[in-house]
Amino acid sequence: MTDVSVIVIVYNDADRLPTAVRSALGQSHRDVEVVIVDDASTDRTPVVADELATTEDRVRVIHRAENSGGCGQPRNDGIAAARGTYLMFLDSDDTLDRHACRNLVAAAEEHEAELVSGCCWRVYPDKGEERVWYRGVYRERGVYASVREYPELLYDTLSTNKLYRRDFLDREGLRFVERLHYEDLLFSTQAYLAARKIAIIPHRVYNWMIYEKAETLSITNQRAELRNFSDRLEIFRRIDAVYARYGADDLKLSKDVKFLNHDLLLYVRGLRSRDDDYREAFLALARAYMATIDPRAYEEAHELQAIIGFMVAQGDYEGAVSAADYVGKGKTGKPRLTTPLVERDGRIYWSGDHLDTEQGRRILDVTELGIHSLPLKSLNPGGKVTEMTRDGHTLRLAGDVVNPLNRIGAGVPLSARLEFRDRSRTGRFFAVPAEVTHADGRLRWRAEVVPGRDVRPLGFLDQSWGLRLRLRAGDDELFIRLFASDPMEMSVPVRPRLTRLAGDHFEAYVPENGEMAFRLVAYGWAGRVTIATLRRFAATGRGRRWWTALLRAERRWREVFTRRKTKIAVYNRLFVRLPIRRDTIVFESHLGKQYSDNPKYIYEELRRSGAKFTAIWSYAKSPAGFPKDAKLVRRGSWQYYLALARAGHWVDNQGFPRDAVKRPQTTYIQTWHGSAYKRMGFDDPELKRGSKTRRARFQQAIDRYDAFLIRSEHDARTLAKGLGVRAELIRSGYPRNDALVNGGDTAELAERLKLTGDERTVVLYAPTFRAGAGGKAQKRFEPPFDLEEFAEELGETHVLLVRPHYLNTAVVPPSLRGVVRDVGAVHDVTSLLLLSDALVTDYSSLMFDYALLDRPTVFFAPDLEDYVRSRGTYFDLRKEGPGPVLSDPDELFAALADLPGLTARYAGKRREFVERYGEYDRGTAAKQVVDRFFTRDPNA
C-alpha cells in the first residue's frame with residue numbers, strides 16, 4: 001500500500017508526459033506512486049512511458065490495446081490498478097503543484113474526509129498567463145457533511161483537483177462513464193452527493209495547461225465539434241437522473257442555473273465561427289435539452305445568460321449570440337451591444353421578437369440594466385461584416401453597425417475608417433477610409449483595401465489581424481468590433497515586409513470569439529515548408545518552452561512599460577528634469593471624468609482674457625464634451641505624465657496622482673469642489689483610524705498645493721483645516737458660482753432636455769456620493785423614493801431631473817421620460833442648478849451653491865442619523881439648513897407640491913445660510929484667479 005496513487009492518462013503526448021509525471025514524483029509528500037495509462041498511443045508515448053517506469057520504481061505503466069475514445073475507461077483502468085489509500089487523477093498535459101498531495105492528504109486525515117478539493121489554476125503557456133478557476137469557491141477552508149451545505153462546489157466539476165479515498169469509491173461503486181466526453185461532470189456530481197464528508201482547501205493543487213494553439217486541442221477546447229456538445233448534454237441528463245435518485249431537486253435547480261450562466265454560454269459564444277449546418281444541429285440539440293430546464297432557473301440566472309437560454313429555447317440564433325456578445329469575456333473582453341434594443345410601453349427589451357408571452361416579456365425586459373441610459377460610447381456598439389468580394393488584389397468589404405434605439409440620429413455627421421489590427425500586439429494597425437450611411441435603423445459601411453499596399457504585415461511575428469471600424473458620430477468616437485455575419489472563404493495576395501516565406505496571402509477566417517479576422521498563410525511551396533517546419537519545432541518540448549518563454553518575456557516587458565508604477569517612476573526620475581513651459585496649464589475636473597466645475601470656468605475666463613497660454617485637459621474615458629481648442633490627453637497615459645511634468649500650472653478640483661511629485665517651478669491651484677458638510681481629511685473618522693503612513697501620504701499630497709480656493713471662512717475653519725492645507729487660501733469664492741450670482745444662459749440645455757416651452761416646475765434631485773460594500777461606489781444608485789410614485793403624484797405639474805453623483809449611475813425607466821429625466825451625462829452641474837426651480841438633495845455640497853439662487857431646497861435624508869454617526873458633520877443640518885429635512889416620501893411630495901409656501905417659510909434661513917457659507921461668492925471668482933496667476937508674463 002501507498003498513501004497516494006496518481007493516475008496519469010495519456011494519448012499521443014510523448015513530449016509533455018514526462019513533465020506531468022515528474023510533477024507527481026516530485027511531490028513534497030513522498031509516499032506517492034504514479035500509474036500511467038497509455039490509451040493505445042500511436043506516437044512515441046508508449047516508449048517514453050516505459051522509460052519513465054524503468055528509471056523510477058514508483059511508476060507503473062498500463063498499455064491499452066485499443067483506444068477508448070475518451071478519458072473514462074483509462075481512468076477506470078488506473079483505479080483498478082492503483083494501490084493507494086487515496087487516488088488522484090492527472091492528465092498528461094497538466095501538472096500538480098509541488099505540495100498538492102501534502103495539503104490534500106493533511107486535510108483528509110485531519111477531517112476524516114472522503115473527498116478533498118483544492119484550487120485549480122488555468123495556465124496559458126501560449127500567452128504566458130494564468131487564472132484561478134472558481135476562486136470564489138476556494139477562498140477559505142471548509143468541511144461539509146453534504147454538498148447541500150455548500151452547493152457552490154457544484155460549479156467546480158473537475159475530477160483532477162481532488163483527492164478521493166479509495167474505499168469510498170469502492171463502497172459507492174463510483175467509476176467514470178465510458179465513451180462519453182465530460183465524464184468529469186457526472187463523476188464529480190456522484191462523488192459530491194455520495195461523500196459523507198467533504199473538505200475544501202484554498203491551496204493551489206492543480207495546473208490545467210491550456211494550449212490554445214496546439215494542433216490537437218483538449219476535449220474542453222474542442223467545442224467546434226458537435227459531439228462535444230451532444231456528449232455534454234447527455235452527461236447533464238444523467239446528472240439529472242442522479243439528482244432524482246437522491247431527491248435533490250434543489251441541486252438540480254442550481255445545476256440548471258449553472259448551465260445557463262456558464263455551460264451554454266461557452267458554446268453560444270463560438271456560434272459565429274460555425275457553419276449553418278452546425279448551427280442548425282446545435283439549436284436542435286439545445287432546444288430539446290432546454291425543455292428539461294427548471295423554469296425557475298431563468299429567474300435565478302444572470303439577466304443576459306437567461307436571455308441566451310431563452311433565445312436558444314426559441315431557436316433564435318441572432319438573439320442568443322447578441323446576448324453572448326454583451327456578456328463579455330475574461331478580463332479584457334468588454335461587452336458589445338450587437339442588438340438594437342426596442343422600446344415597448346416605456347420598457348426596454350432585448351429584442352422585439354418573442355414578446356407575445358408573459359415569460360418572454362419578463363426575461364427580455366432589460367430596463368433595470370440601464371443599458372438605454374448609458375452614454376453612447378459606453379454602450380460599445382458592435383457591427384458585422386456582411387459582404388466580402390475580391391477584384392484582383394483589391395478586397396471590398398461592407399457591413400453594418402447597430403444603432404441602439406436610434407441614438408445616432410439621421411442628422412448626426414458620420415465618418416469612419418476600417419482598421420486592420422495586429423491581434424498579437426496591442427496598438428499596431430493599418431487603416432483605410434470607410435463610407436458610412438444610415439440604412440434601415442442601422443449604420444451601413446463600405447471600404448476597399450489592397451493588402452499588399454494598404455496593409456503590410458512584418459511576417460512571422462504578426463500572423464493574425466482583426467478588423468475594427470473607428471466610427472465618429474458627431475462628437476463621439478466609437479471603436480467598433482466587427483463580427484462575422486457568416487464564415488467567409490476569401491483570400492487575397494499580400495507581401496510581408498520580412499519575407500514571403502512567412503506567408504503570401506491574407507485569408508479570411510472567424511476565430512472562436514466570432515470576430516472577423518485575417519491570417520497570413522503560405523500558398524507557395526517554400527512558405528508552406530517553412531511554416532510547417534516552424535510549427536513542428538513549436539510542437540516539440542524545446543520549441544514550446546522557447547516560444548512560451550519568449551511570449552512571457554514580451555508580455556512581461558509590455559506590462560512593465562504600460563503599468564502605472566513604471567510611468568510614475570519615469571515621471572519622478574526623468575520627466576521632472578525636462579524644461580518647464582510656464583505658459584502651459586494642465587486642467588482636470590473630477591479625475592478627468594468631466595469638463596466641468598471650477599477648472600472649466602477658470603479656463604473659459606482665461607480664453608476671454610486674451611492671455612497667452614497653452615491649455616491641456618485630461619480626460620478619463622472619452623474626449624467627448626471637452627473643449628476642441630485645447631490639447632487633450634488621456635488620464636494615466638505617458639502623454640499625461642509628460643504634460644504634468646512640463647506644465648507651469650496645475651489646475652484641478654480633486655487631486656492629481658498623489659505619487660506624482662510637483663516641481664517647485666509649477667504652481668498648483670487647487671479649486672476643490674464644494675464646501676464641507678461632512679467631516680473631511682484628518683477630521684474623517686476613517687483617516688483618523690488609519691496608519692501613520694497613510695496619514696503622512698495624505699498630507700504629502702496636500703502639501704503640493706500652492707493655492708487653495710475657498711468661498712467662506714467656514715471653508716477655512718473646516719475644509720482647509722481638515723484637509724491639512726498649508727497653502728495660501730484664496731478668498732475669491734468659486735468660479736463655478738459666478739454664473740449663479742451673475743446669471744447664465746440655459747436655453748441650449750433646456751432645448752437638449754426637451755424643457756423648452758414646458759411650463760412645469762423643474763426639480764433637480766442631486767444626492768451625494770453613495771458607497772456600497774467595502775466603501776466602493778455603488779455602480780447603480782437607487783433613489784430612496786419611488787420615481788413612479790413621483791410621476792403619479794406630481795407628473796402633471798413637475799419635471800424631475802435625476803443627477804446622481806459622478807461615481808454613481810441611476811436608471812430611469814423610459815416609461816417615465818415625460819416626467820423624470822436622467823441628467824447624469826450633463827458634465828456641468830452649474831447649468832442644471834440655473835435651470836431648476838427647486839433642489840432636492842441629501843448631504844451634497846450643492847446645497848451651498850444653490851442657496852446663492854435664493855430658491856427652495858428640500859433635504860430628503862432618511863438615513864440622516866446613521867450618516868451623522870458614521871461620517872460626522874460640521875453643523876446640524878436640521879438647525880442650519882436652508883430648507884426642511886424630510887425622511888418620508890409623502891412629506892417630500894407634499895413639500896414639492898407647495899413650493900411657494902416653502903419659499904416664503906425658509907427665506908430668512910436661505911439668507912443666513914448664504915451669509916455664513918458663501919460670503920466670498922460675489923460673481924468675480926474666475927476673474928480674480930486669472931488676474932492673480934495668469935495675466936502676468938508667464939516667463940517673468
Side-chain angles (χ1 to χ4, degrees), residues 7 9 39 68-80 87 89 91 114-115 117 134 146-148 150-162 164 168-196 198 218-220 222-223 225-268 281-297 301 309 312-313:
I7 299 166
I9 62 171
D39 199 9
S68 67
C71 301
Q73 197 165 337
R75 284 178 178 158
N76 290 339
D77 292 346
I79 293 173
L87 304 183
F89 303 102
D91 292 343
E114 296 180 328
L115 187 160
S117 190
Y134 287 118
S146 167
V147 72
R148 285 185 171 89
Y150 194 54
E152 290 85 350
L153 261 179
L154 293 170
Y155 273 81
D156 177 17
T157 49
L158 299 177
S159 64
T160 49
N161 59 332
K162 297 173 177 60
Y164 310 86
F168 157 61
L169 297 184
D170 290 342
R171 182 191 78 220
E172 299 294 335
L174 285 177
R175 295 297 185 268
F176 290 90
V177 65
E178 298 178 359
R179 297 201 171 275
L180 281 175
H181 294 328
Y182 298 107
E183 69 292 328
D184 275 19
L185 277 66
L186 179 58
F187 181 84
S188 297
T189 300
Q190 293 171 318
Y192 281 146
L193 284 165
R196 294 169 182 169
I198 301 169
S218 67
I219 298 298
T220 306
Q222 292 176 10
R223 288 190 286 272
E225 297 181 9
L226 199 59
R227 181 204 163 182
N228 186 288
F229 184 59
S230 64
D231 279 6
R232 197 172 191 122
L233 295 185
E234 177 58 28
I235 289 292
F236 280 137
R237 290 187 180 94
R238 298 190 185 197
I239 289 173
D240 291 343
V242 173
Y243 285 142
R245 188 164 65 247
Y246 279 88
D249 289 343
D250 54 332
L251 295 183
K252 180 187 182 302
L253 175 60
S254 296
K255 189 253 353 175
D256 288 345
V257 172
K258 174 183 176 288
F259 178 76
L260 293 176
N261 281 343
H262 174 71
D263 300 280
L264 185 61
L265 175 63
L266 291 177
Y267 290 90
V268 172
F282 172 86
L283 288 175
L285 288 168
R287 293 184 71 182
Y289 182 73
M290 293 301 295
T292 71
I293 292 285
D294 190 322
R296 294 175 295 172
V312 167

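Just so you know, these numbers use all the heavy atoms, side chains as well, and skip hydrogens, waters and symmetry mates. Predicted model, so just to flag it, every value in this text is computed and none were measured. Heads up: numbering here begins at 1 and tracks the sequence.
- With respect to S117, the side chain to side chain contact (heavy atoms under 4.5 Å, CB included) criterion is satisfied by exactly one of I198, L158, N161: N161.
- D256 places a side-chain N or O within 3.5 Å of a backbone atom of D294 that can act as its donor or acceptor partner.
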Next item on the list: Kindly indicate, with the supporting measurements, whether the criterion ring-ring contact (aromatic ring centres under 6.0 Å, His included) is fulfilled by Y164 and F89.
Entry: CA-CA 10 Å; Y164 310 86; F89 303 102; 5.7 Å; yes
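- Note: Y134 and H262 have perpendicular aromatic rings, judged against thresholds of 30 and 60 degrees for the angle between ring planes.
- Using a 4.5 Å cut-off on side-chain heavy atoms (C-beta onward), L180 and E183 make no contact.
- Residues that satisfy the salt bridge (charged side-chain N to carboxylate O under 4.0 Å, His left out) test with R237, not counting sequence neighbours, are absent from this structure.
- Residues satisfying the side chain to side chain donor-acceptor pair (under 3.5 Å) criterion with Y246, sequence neighbours excluded, are absent altogether.
- Y289 pairs in a ring pair (Phe, Tyr, Trp, His ring centres under 6.0 Å) with only one of the listed residues (F259, F282, Y267), which is F259.
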Next item on the list: Determine, stepwise, if the pair D249 / R296 fulfils salt bridge (charged side-chain N to carboxylate O under 4.0 Å, His left out).
Entry: CA-CA 12 Å; D249 289 343; R296 294 175 295 172; over 6 Å; no
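- Of all the heavy atoms in K258 and Y155, the pair that sits closest is CE-O, 3.4 Å.
- A donor-acceptor pair under 3.5 Å is formed between the side chain of R179 and the backbone N or O of S68.
- Taking the side chain to side chain donor-acceptor pair (under 3.5 Å) definition, one finds that E178 meets it with N76, sequence neighbours left out.
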